[in-house]
Amino acid sequence: MKTLLVAEYRQGKVQESYAELMAFAAALGAESAMFIVGVSSGDLPKFQGTLHVAEVSEYGEYNPDAHKYLLLDVVAQEQPDMIVFSHSSYGWDLAPRVAVSLKAPQISEVIGVEDGKLVVPSCNGKLKRTMTGNGDVTVVTLQAGAFSLSEPPAGISNVCPVVGEYQGMVTLLGYEAAEHGGVDLTKSSVIVSAGRGVGKPENIQIVEGLAKALGGEYGASRPVVDAEWVPHNRQVGTTGLTVSPKLYVACGISGAVQHLAGMKKSEFVVAINTDKDAPIGELADVFAVADLKLLLPVLTEKIQAL
Amino acid sequence: MKLLVCIKQVPDMESKFKIDEDGVWFARADLAWRMNEYDEYAVEQAVQLKEQTGGDLTVLCIGSDQVKETMKKALAMGCDRGVHISDDRSYLKDPYEIASMIAEFARDKDFDLIFTGMQSQDRGSGQVGVIIAELLSISAITTIVDFKCDNGKIVVKRELEGGVKAQVETPLPALVTCQLGLNTPRYPTLPNIMKAKKKEMITIAAEELHTVSAMQKTLKIAFPEKQGGGLFLEGEVADIADRLISILREKTSVLA
Ligand SMILES: Cc1cc2nc3c(=O)[nH]c(=O)nc-3n(C[C@H](O)[C@H](O)[C@H](O)COP(=O)(O)OP(=O)(O)OC[C@H]3O[C@@H](n4cnc5c(N)ncnc54)[C@H](O)[C@@H]3O)c2cc1C
Ligand SMILES: Nc1ncnc2c1ncn2[C@@H]1O[C@H](COP(=O)(O)O)[C@@H](O)[C@H]1O
């Protein structure tokens, strides 16, 4: 079994998620080669083996058509059984393009390997499916954080340049930094977060009330931020903040993987949810099966009275 | 401008799921169904564009007869016509098959822009949009949270990890996959719901467009094993509150 691992380079940096690709290859017991559009004379992934490098100065950080053709050249050379991406803004964008060109199946957001078969989540993590691809080569993307190495990645690569006269239809104009400023949730030892289960903007207050009573800050899941009920600097998750408070209380939050990624390092997690099967239960130390609109005011009052 | 938006009907994710008899998908009975959340953003963006520039907007959905309910919502939001690709077994098809059917339909229609969701909530492959674009040899941009279109090109913002955005441009024709927060999908008004009933709904049999075979297979579907030894508190809220407080006192230092 041979894997071709596709590392990422963004805003002038190699993304550390390449180590997860290596961990996946190790879980399969596969040998591997790696590909990156990066800087061959600069910082590169720490990888033992052949590292195919196309120059980012030539092809750009986001230029999916060109990256596809470069990668296809490497695939022709390496003949891998699997081409492995992170399930990330780079990976889910590029992987299907490569799969179509190769007429290969793509299995998205792999969370595990069982007897050599790939396991993926369905329905917001409420179910999981075991998948297999037909054909000689399979494209896979890995859920962020699902695979990790026990040691930091190490190794000396044999760097092979990749070149080709490739252009793309898409032009990257520039980046916009995340909105920050104001409160810094990452410093708070207690975070009480509001999810879509709060129902309406007025109810943010009761979440904030509990946060105050516990001497902490309130946070939110993404839909609550998208609806502009709570500012983005309080959003927890992959496209928001990563927090690790002593106590995290998730109110009306289902526990989508993108939210969990931002709070799973919390020391103690309480979930308040009407749906006993909500995936947040996978992580919660205590799961109160209750309507937050009823429970929170009572809980807050009792804590204030302590 | 000729516009196409692809939508999928999915179960409400708060449903109680059961596993189907064949063991490769969930049982489809007794579920509440709705429009895939990401597709609502796609429909809204397509309708806004049509309102700005004029044009003709088709909404397409592959599925059994019951998906027409969801299509009616898209028509009430402002799509001009529905194309229902009638397929009782679409849930068993892989992303490549679904995308090929849509590409097959779109091939000779010269759409300037195609909108899809970035992923379906039940399958979550995040592939169908990009595959359609590849099969039609048009430009594709995924995960957009901001959209502008003028002078034959689009300028969009892609959302990246950590909340960073990338501004990206591409000429038409193009396909975009829509992410949460792109816009605020409108609620159909009653007059628009009534008008939607009169809009054209074209039905095409799946067999007419289905020319490829599956490339992947689901061997089984299962519930994830519960790993957290979490404690469930149920009952009266006052009682839950008391038990929760004593647990927090015992297990954390936050009430000290
Ligand atoms: C690329 C990408 C990046 C993303 N980044 C993030 C991110 O950074 N952060 C993030 O949070 N999400 C992110 N998401 C979105 C994520 O996938 C989920 O859609 C989101 O986390 C769901 O938020 P939620 O749990 O609040 O809402 P839902 O999933 O709708 O859950 C609402 C919950 O509230 C419960 N509920 C309803 N009523 C009540 C009540 N009265 N009392 C108690 N409980 C109730 C329901 O049972 C349900 O479990 C991202 C998605 C993508 C595709
Ligand atoms: N059965 C379907 N009918 C129409 N469009 C679909 C269907 N399945 C998926 N799509 C579109 O493709 C997007 C991505 O789906 P997926 O690749 O399944 O995650 C969805 O958000 C829809 O826009």
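What you see is a predicted model; the values in this text were computed from it and never measured. Within every chain, numbering begins at 1; the chains are lettered A, B, ... in the order of the sequence lines, protein sequences first and strands thereafter.
- Heavy-atom distances place the side chain of A:Asp275, and not its backbone, under 4.5 Å from chain B.
- For the residue pair A:Thr239 and B:Leu160, the shortest heavy atom distance occurs at CG2-O, 3.6 Å.
- Contacts of B:Gln179 with chain A are made by side-chain atoms alone, with heavy-atom separations under 4.5 Å and no backbone atom involved.
- Of the listed residues (B:Arg123, B:Gln119, B:Glu236), the greatest number of heavy-atom pairs within a distance under 4.5 Å of chain A belongs to B:Arg123.
- Only the backbone of A:Ala104 comes within contact range of chain B, with at least one heavy atom under 4.5 Å from a heavy atom of that chain.
- Among B:Ser253, B:Gly126, B:Pro224, B:Gly235, the residue making the largest number of heavy-atom pairs under 4.5 Å with chain A is B:Pro224.
- Among the candidates B:Glu234, B:Glu161, B:Met13, B:Glu37, the residue making the largest number of heavy-atom pairs closer than 4.5 Å to chain A is B:Glu161.
- In terms of heavy-atom pairs under 4.5 angstrom with chain A, the leader among B:Thr252, B:Ile131, B:Leu180 is B:Leu180.
- Here the shortest heavy-atom pairing between A:Ala178 and B:Gly162 reads CB-O, 3.4 Å.
- Between A:Val270 and B:Leu248, some side-chain heavy-atom pair lies under the 4.5 Å cut-off.
- In this structure, no portion of A:Ser254 lies under 4.5 Å from any heavy atom of chain B.
- Within the 4.5 angstrom heavy-atom criterion, atoms from both the backbone and the side chain of B:Ser139 approach chain A.
- We find the CG-CG distance between B:Asp242 and A:Leu299 to be 9.0 Å, quoted to the nearest 0.5 Å.
- The closest side-chain heavy-atom distance from B:Leu233 to A:Phe287 is not below 4.5 Å.
- B:Ala241 and A:Lys302 get closest at one heavy-atom pair: CB-CD, 3.8 Å.
- Between the CG atom of A:Asn124 and the CD atom of B:Gln121 there is a distance of 7.5 Å, given to the nearest 0.5 Å.
- Between A:Arg222 and B:Glu159 a salt bridge is recorded (basic side-chain N to carboxylate O distance below 4.0 Å).
- Contacts between B:Ala174 and chain A at a heavy-atom distance below 4.5 Å are absent for every atom of the residue.
- Contact annotation for A:Pro279: neither backbone nor side-chain heavy atoms come within less than 4.5 Å of a heavy atom of chain B.
- Side-chain contact check for A:Trp92 and B:Thr143: at least one donor-acceptor pair (N or O, by modelled atom type) lies under 3.5 Å.
- Between the side chain of A:Lys126 and the main chain of B:Ser15, a donor-acceptor pair closer than 3.5 Å is present.
- With a 4.5 Å cut-off on non-hydrogen atoms, A:Val286 touches chain B through its backbone and its side chain both.
- The part of A:Lys117 that comes within reach of chain B is its side chain, from C-beta onward, which places non-hydrogen atoms under 4.5 angstrom from that chain.
- Separating the CG atom in B:Asp94 from the CE atom in A:Met131 is a distance of 7.5 Å, to the nearest 0.5 Å.
- For A:Glu61, no part lies near chain B; criterion is any non-hydrogen pair under 4.5 Å.
- Residues B:Ile240 and A:Val298 have side chains not in contact (no heavy-atom distance under 4.5 Å, counting atoms from C-beta outward).
- B:Gln216 places a side-chain N or O within donor-acceptor distance of the main-chain N or O of A:Gln106, the cut-off being under 3.5 Å.
- Neither the backbone nor the side chain of A:Glu8 has a heavy atom closer than 4.5 Å to any heavy atom of chain B.
- For the residue pair A:Ser89 and B:Thr142, the shortest heavy atom distance occurs at O-OG1, 4.4 Å.
- Ranked by heavy-atom pairs shorter than 4.5 Å toward chain A, the options B:Ser120, B:Ala166, B:Ala222 are led by B:Ala222.
- Contacts of B:Val212 with chain A are absent, with no heavy-atom separation under 4.5 Å from either backbone or side chain.
- For B:Ile247, the part lying under 4.5 angstrom from a heavy atom of chain A is the side chain only.
- With a 4.5 Å cut-off on non-hydrogen atoms, A:Val170 touches chain B through its backbone and its side chain both.
- In plain terms, the two heavy atoms of B:Phe26 and A:Cys123 that are nearest each other are CE2-SG, 3.6 Å.
- When heavy atoms are compared at a cutoff of 4.5 Å, A:Leu306 approaches chain B solely by way of its side chain, counted from C-beta outward.
- Heavy atoms closer than 4.5 Å to chain B are found in the side chain of A:Tyr62, but not in its backbone.
- A pairwise comparison of heavy atoms in B:Ile138 and A:Met169 identifies C-CE, 3.7 Å as the closest pair.
- Heavy atoms of A:Val225 lying under 4.5 Å from chain B are absent altogether.
- With a 4.5 angstrom heavy-atom cutoff, B:Arg158 touches chain A only via side-chain atoms.
- In this structure, the side-chain contact (heavy atoms from CB on, under 4.5 Å) partners of B:Leu209, at least two apart in sequence or on a different chain, are B:Ile85, B:Met101, B:Glu104, B:Phe105, B:Ile204.
- Judged by distance alone, with hydrogens and angles left aside, the side-chain atoms of A:Asp277 form no donor-acceptor pair with the main-chain N or O of B:Lys16 at under 3.5 Å.
- Contact check for A:Leu214 versus B:Leu255: side-chain heavy atoms found under the 4.5 Å cut-off.
- Of the inter-residue distances, the one linking A:Thr171 atom OG1 with B:Gln167 atom CD reads 11.5 Å to the nearest 0.5 angstrom.
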